[in-house]
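Below is one structure, written out as structure tokens, with a few remarks after it.
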Amino acid sequence: MKCYWCEAPITRGNPNLTWLDEYESKDCEFHPYAFDILALKTTNQSAPHQTVAEVHEVIKKDYEVKQAQRFRQPLRAVEDNVVLLSRKASRTSRSAAEKILPRTGTLRRRVYEIILSAGLITDEELERQIGGKHQSISASRRSLVLDGYIVDSGQTRKNTVGNECILWTFKDEELTLFNDVR
Ligand SMILES: [Zn+2]
């Protein structure tokens, strides 16, 4: 193998180890992180030797993250387990959250599917359809909003006690995917 940056021959014992050059060094002096090519001097940072496949993988990952941010596509899947927790959450709510975490993905999926088929729905109607705890259902709905799957439709509907409630709807995938494409 050859390092993409310094072109030195590199080897490693197994895929979990770092690459070593002929001098048994793991530091690549020509990696852009270690060497400023415009100033032609070292940055005093250390960077690993990398193969062309690894460089490709880094660029691909970076591109995917940027695309996801650009199109506001969620990085999490609907059925991922998510628990929203404030930074100031107490120890008891933290451990309660840890307990429900493995089941939240299933609930997120249910909530999402109900919103998909209803088109427009309030939190109260969601709770009535699912028949679970108010907190966990609204937390699932909230996490889906944060991930960009669900949006405020801008419309409201009165609940059983006569208050106007937000009607949630799903995000138009087509618009999200093809916005901004040149
Ligand atoms: Zn190198």
Side-chain angles (χ1 to χ4, degrees), residues 1-91 93-113 115-116 139-151 170-182:
M1 281 307 212
K2 231 169 67 173
C3 173
Y4 176 77
W5 306 109
C6 66
E7 300 190 332
I10 47 174
T11 52
R12 62 181 174 187
N14 75 59
N16 300 320
L17 296 175
T18 49
W19 293 104
L20 294 177
D21 60 30
E22 308 139 287
Y23 305 101
E24 302 277 303
S25 168
K26 62 179 175 54
D27 295 319
C28 181
E29 282 162 28
F30 290 92
H31 190 290
Y33 191 70
F35 188 78
D36 186 334
I37 199 163
L38 294 174
L40 291 177
K41 59 182 184 195
T42 171
T43 62
N44 294 315
Q45 306 292 329
S46 105
H49 294 292
Q50 288 169 330
T51 63
V52 66
E54 285 166 347
V55 172
H56 182 86
E57 201 52 42
V58 170
I59 294 169
K60 216 173 87 189
K61 284 248 171 66
D62 181 63
Y63 175 78
E64 280 164 7
V65 168
K66 290 216 175 92
Q67 285 296 90
Q69 285 165 347
R70 187 159 156 234
F71 299 127
R72 288 164 195 270
Q73 258 185 278
L75 290 166
R76 280 193 295 235
V78 168
E79 50 281 317
D80 278 358
N81 292 319
V82 177
V83 168
L84 300 176
L85 205 54
S86 110
R87 264 183 223 196
K88 286 175 279 185
S90 67
R91 198 154 2 120
S93 63
R94 234 169 245 285
S95 71
E98 275 160 27
K99 261 180 232 153
I100 63 162
L101 180 67
R103 296 195 304 270
T104 56
T106 324
L107 187 55
R108 263 163 69 92
R109 170 52 68 187
R110 287 244 7 235
V111 168
Y112 185 61
E113 271 166 7
I115 297 173
L116 278 185
S140 290
R141 195 268 306 142
R142 211 161 54 235
S143 73
L144 288 165
V145 171
L146 283 178
D147 286 350
Y149 287 107
I150 302 297
V151 289
F170 54 90
K171 202 156 173 184
D172 192 330
E173 280 288 326
E174 262 181 355
L175 267 180
T176 320
L177 283 171
F178 299 109
N179 248 352
D180 279 314
V181 169
R182 259 145 251 193

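Read the numbers this way: they start at 1 and go in the same order the structure lists the ligands and their atoms.
- Across all non-hydrogen atoms, the minimal contact from Glu7 to Lys2 is O-CG, 3.4 Å.
- For Glu113 (side chain) and Arg110 (main-chain N/O), no donor-acceptor pair under 3.5 Å exists by modelled atom type.
- Interatomic distance, Asp62 CG to Ile59 CD1, rounded to the nearest 0.5 Å: 8.5 Å.
- At least one side-chain heavy atom of Trp5 sits under 4.5 Å from a side-chain heavy atom of Pro32.
- Taking distances strictly below 2.8 Å, the protein N/O/S atoms close to the Zn ion (ligand 1) are Cys3 SG, Cys6 SG, Cys28 SG, His49 ND1.
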Only distances under 3.5 Å count here; give the side-chain donor-acceptor pairs of residues 23-31 to other protein atoms, sequence neighbours excluded, each with its distance to 0.1 Å.
residue, atom, partner, partner atom, Å
Ser25, OG, Asp27, N, 3.2
Asp27, OD1, Ser46, OG, 3.4
His31, ND1, Tyr33, N, 3.0
His31, NE2, Gln50, OE1, 3.1

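- At least one side-chain heavy atom of Phe35 sits less than 4.5 Å from a side-chain heavy atom of Leu40.
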